[in-house]
There are 2 protein chains.
Amino acid sequence: MHASKKAIPPSVVKRLPKYLAYVQALCLEKVEWVSSNELAEQLGLTSSTVRQDFSYFDFSGISKRGYETIGLQNMLINILGVDTAWQVVVVGAGNLGRALALHEEFPRRGFNIVGIFDKDPTKLGMKVGALDVKPMRELPTVIGRHKVNMGIVAVPAVAAQSVADLLIVAGVKGLLNMALTHIVAPDTVSVIDSRIVASLLELSHSVSFSR
Amino acid sequence: MHASKKAIPPSVVKRLPKYLAYVQALCLEKVEWVSSNELAEQLGLTSSTVRQDFSYFDFSGISKRGYETIGLQNMLINILGVDTAWQVVVVGAGNLGRALALHEEFPRRGFNIVGIFDKDPTKLGMKVGALDVKPMRELPTVIGRHKVNMGIVAVPAVAAQSVADLLIVAGVKGLLNMALTHIVAPDTVSVIDSRIVASLLELSHSVSFSR
DNA sequence: TAGATTGTTAATCGATTAACAATC
DNA sequence: TAGATTGTTAATCGATTAACAATC
């Protein structure tokens, strides 16, 4: 099941989605080979970093030609764990939650949104694509029935931790946190911050302090 | 204008938004002091990291008490450059673009969305809160008139680079990229990837490979 | 005063880059 | 063959943690 024995360092994992996106585009264009140099230029890295990163995979390039795009694509898909689909719920049916539930890129990449929840009674039953907004008390049932393993927390900061706790109790193993708050979770559960607001603040800093 | 002479390392800047969010919550609760230890516990860091981070600011704590919350909040606001409001446009009026244009957290944190654009003629004129969707050709005018300095790129991957180029030509100094593609920009322009899709892929990896 | 907590230096750890032999 | 490009080792760089004197 696992592509390689040794764990891949976090810094490398963070770059894998961009490699995948670029390599998939090449595959669509029927390009068969790609060099570490081209990847580096296109993704703003050095070729050294690219080759170092790929050394963690059970996958080799060929001198003078580079890496075979389809093989590389498959390897990345396997390592990223997107060779089978994931079932995901969204908690929070505000503008952002609803948009994420409808975001076409998610199912296209193997993330099926199977439920959207909100605690606000006035939102219940509201149609969001094929789904309708369900009350929080139905969260455990839906998670159990659809074998949901990830949850997207799209609620205001003050509610983020308690929603995360509900998702964790219900058995979810990964959380995507849209709020700027820090979420605490046992280390059997991975939490990744989406950093939308944080990114704007970072931008604000770098725009302010560049000459 | 600038809070400190020496540049703050990127690793530190990335943590500032979370410090700010936590300290603002404390200020609302009228808590006056916070220790490096409490911050570390709440944000999943070590107290050493917290003190090291704060050493880049013109701001000191006091032995036995810690850091004064209001002063720390002001310092973070200043360093992050959110002591004055920013004008922002959104390009792409799909589900995600519209949700971001309506996201209450942005104006609350000083990011005013002053325009939303799409190249799809069927979307033109569509109401998004107080705004209506404008054609791409009006981008430069709106950017000039409102002194817009940031753009949110919420279009499909294939269009991301060309939209970024238009925004850059129109004079924007910071880009928030919602797509998974890499965007190339001159180094007078900062680009930050929002990593929504990338985060789900990262989660997928870590959920797959945790025992 | 005694003890808690800062600020800072030094040590460790991890990530990136450089360099180059191996190879196609 | 000659030259381009990989894979890998070693060097550099940066970020995190440990430790502790200074201080309130």
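Because only heavy atoms are used, hydrogens play no part in the values below, and waters and symmetry mates are left out as well, while side chains stay in. We name chains A, B, ... by the order of the sequence lines, and we start the count at 1 in each one.
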Study note, to complete from the structure: A:L39 CG to C:dT17 P, in whole Å, measures 15 Å
**Study point:** Contact summary for A:R109 and A:Q24, nearest pair of heavy atoms
**Key:** NH1-OE1, 2.9 Å
Study note, to complete from the structure: Judged by nearest nucleotide, the residue sitting upstream toward the 5' end of DNA chain D, B:I62 or B:L45, is B:L45
**Study point:** Given C:dT6, D:dC24, C:dC24, the nucleotide with the shortest approach to the side chain of A:R65
**Key:** C:dC24
Exercise for review: Sort out the partner of D:dA19 for me: Watson-Crick or G-U wobble, both distances under 3.5 Å, none otherwise.
Suggested key: C:dT8
Point to revise | Aromatic ring pairing B:H103/B:F106, orientation class (parallel under 30°, perpendicular over 60°, tilted between) | key: perpendicular
Review point. Would the number of heavy atoms belonging to other residues, nucleotides or ligands and lying under 6.0 Å from CD of A:E138 be above 12?
Key: yes
Check your understanding: Over how many whole Å does the gap from B:E68 atom CD to D:dC24 atom P extend?
Key -> 16 Å
Point to revise | Interatomic distance, B:N37 CG vs D:dT17 P [rounded to whole Å] | key: 13 Å
**Study point:** Euclidean distance, atom CD of residue A:E38 to atom C1' of D:dT6 [Å, nearest integer]
**Key:** 16 Å
Practice item. Kindly say if B:Y67 contacts the phosphate of C:dG7, meaning a side-chain N or O under 4.0 Å from OP1 or OP2. Key: yes
**Study point:** Atom pair distance, as rounded to whole Å: CG in A:D58 and P in D:dG7
**Key:** 12 Å
Check your understanding: Nearest-Å distance, CZ (A:F57) to C1' (D:dT8)?
Key -> 16 Å
Review point. Between C:dT9 atom P and B:Y56 atom OH, what is the distance in whole Å?
Key: 12 Å
Check your understanding: If we ignore angles and hydrogens, is there a donor and acceptor under 3.5 Å between the side chains of A:R51 and A:S55?
Key -> no
Check your understanding: Between C:dT17 and A:T49, is there an OP1 or OP2 to side-chain N/O distance shorter than 4.0 Å?
Key -> yes
Study note, to complete from the structure: Closest of D:dG3, D:dT16, C:dA15 to the A:P10 side chain is C:dA15
**Study point:** Euclidean distance, atom CZ of residue B:F54 to atom P of C:dT6 [Å, nearest integer]
**Key:** 10 Å
Review point. Is there side-chain contact between B:Q42 and B:V34, with at least one heavy-atom pair below 4.5 Å?
Key: no
Review point. Within the structure shown, what part of the strands sits under 4.0 Å from B:S47 by heavy-atom distance: base, sugar-phosphate, or nothing?
Key: nothing
**Study point:** Side-chain-base donor-acceptor pair under 3.5 Å for A:S63 and D:dA4
**Key:** no
Revision key, fill the gap. Against the side chain of A:S11, the closest entry in C:dT8, C:dT16, D:dT16 is C:dT16
Point to revise | Distance-only donor-acceptor test (3.5 Å): side chain B:Q52, base D:dT17 | key: yes
**Study point:** Nucleotide of D:dT17, C:dA4, C:dG7 approaching B:S48 most closely (side-chain heavy atoms)
**Key:** D:dT17
Practice item. Could you check whether B:S35 gets within reach of a base, just the sugar-phosphate, or nothing at all, counting any heavy atom under 4.0 Å? Key: sugar-phosphate
Study note, to complete from the structure: Under a 3.5 Å limit on both distances, the Watson-Crick or wobble mate of D:dC24 is C:dG3
Review point. Which listed nucleotide (C:dT17, C:dA4, C:dG7) is nearest to the side chain of B:R51?
Key: C:dG7
**Study point:** First encountered from the 5' end of DNA chain C, between A:P9 and A:K64
**Key:** A:P9
Exercise for review: Identify which one of B:V114, B:V88, B:N112 satisfies the side chain to side chain contact (heavy atoms under 4.5 Å, CB included) criterion when paired with B:H146.
Suggested key: B:V114
Practice item. Would you indicate what B:S36 reaches in the nucleic acid, counting non-hydrogen atoms under 4.0 angstrom: base, sugar-phosphate, or nothing? Key: sugar-phosphate
